[in-house]
Amino acid sequence: MSAQPSRQGSLPQSAATVTVFAAPTSWIESDALAQCHQVAALDGMVHVAAMPDLHPGKGAPIGAAMLSTVLYPFLVGSDIGCGIAVFPIRLKRAVPEKLATRFPDLDRALDPERDADDPAWAVLDGDVPAGHVEGLGTVGRGNHFVELARIDTVLEPDHASRLGLAARDLVLIVHSGSRGLGERILRAHTEVHGAGPAPDPASYLALHDAAVRWGSLNRRLMAARVAHALGAEPTEPIVDECHNSVEIRDGAYLHRKGAARGDGRDVLVAGTRGTPSYLVAGHAGPEANHSVAHGAGRKMSRADALRRGRAKHTVEELRRTPVGSLVVCGDRQLLFEEAPTAYKRIEQVIGDLVEHKLATPVVSTVPLVTYKTADLAPVADRRDARRRRGRP
DNA sequence: ATGTAC
């Protein structure tokens, strides 16, 4: 393998450069590469850096950092401020079967009035960004999750110890975003300007920044909800990086869609529901648009994962994974869509980051319990519920 | 990924 970025853009001189940070043997869908070149041809585009977890998105590729003199809201997408945070958590015992039943309902929002006495509110410092209360403290759908995980391998002992991490420690990993708020911000732009640039970048950025703060608050609220439910004290995150954002960098707009800030920051690169994740130290330079990958990256579309997964897996094997972890997910379709086999191998993604000197792995984590969406109620409970409603 | 429409 070469240490050089393996594929260079070779399209019209007017188009921006496209650099893909993946080994030739790493699976990158041609549709995703085509999307990178479409983005490279946009007015004002300077450089597109594709991460090893690159895959096709709706209109724009996912797993890319895109530098442009023009701000394009659609390159950030609707889940502005989506990201992954890591919170240390101390538990006396961590038996997945016991803990899985104790997770709170993270599909149900925290209501400032009805849930006024919920201790999770203690993480709120000041006002709720944009005053947007709907969906606060909820995980959402798609690839979002809240996971109780254990530190497995320590690869950089000094760095791990600076983060207060040692082998066998427990952490909560929270992957979620700005829910309806970011969606509303992009829709308001798109209704008037479509995929065109933001005519007033400062006003878009003000809304964007609020969504980024909201996403981070949401992750903290969820970690606090889960910590309280499991009988632990909430903690401050040791890592919290968003991967859908835009920032001003060297006088241009650096859009990241499924790519995390990778310049001197620690980032949790998520595996799948049933494989390890890696906390890495990012040190990406300008060629990579100062970015690192955000996860394993989809290898199959949701439709393919559903079709092939139904033929290949049982619900039971997806709910209890090969590493012994449990997946809380009452939605069977989501379980298949999010099957580990629908994603690339995280080791390959991490290997590509290392090969191209974008990041150094610090620790790996293995899941114990991953919460996706509220579980199906046990049969007895459902029967009771029907009886309470006066049905047979 | 989302809220909403089908």
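Given the structure is predicted, the values throughout are model-derived calculations rather than measurements. Chain A is the first sequence line, chain B the second, and so forth, proteins listed ahead of strands; every chain is numbered from 1.
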Between [atom2] on [N] and [atom1] on [X], what's the gap in Å once rounded to a whole number?
X: A:K58; N: B:dG3; atom1: NZ; atom2: C1'; result: 12 Å
X: A:D107; N: B:dA1; atom1: CG; atom2: C1'; result: 14 Å
X: A:D331; N: B:dA1; atom1: CG; atom2: C1'; result: 14 Å
X: A:R219; N: B:dA1; atom1: CZ; atom2: C1'; result: 14 Å
X: A:I62; N: B:dT2; atom1: CD1; atom2: P; result: 12 Å
X: A:F74; N: B:dT2; atom1: CZ; atom2: C1'; result: 18 Å
X: A:E191; N: B:dT4; atom1: CD; atom2: P; result: 12 Å
X: A:L136; N: B:dT2; atom1: CG; atom2: C1'; result: 16 Å

side-chain hydrogen bond (donor to acceptor under 3.5 Å, both in side chains) between A:H313 and A:T341, worked out: CA-CA 10 Å; A:H313 307 294; A:T341 47; 2.9 Å; yes

Contact under 4.0 Å: A:R302 side-chain N or O vs B:dA1 OP1/OP2: yes

Interface residues of residues 173-187 of chain A with DNA chain B (non-hydrogen, below 4.0 angstrom): A:R179, A:G180, A:E183

Would you check if there is a donor-acceptor pair between the side chains of [Y] and [X] at a distance under 3.5 Å?
X: A:H144; Y: A:D79; answer: yes
X: A:T373; Y: A:R141; answer: yes
X: A:E338; Y: A:Y343; answer: yes
X: A:E147; Y: A:T370; answer: yes

Listed partners of A:R184 passing salt bridge (charged side-chain N to carboxylate O under 4.0 Å, His left out), at least two apart: none

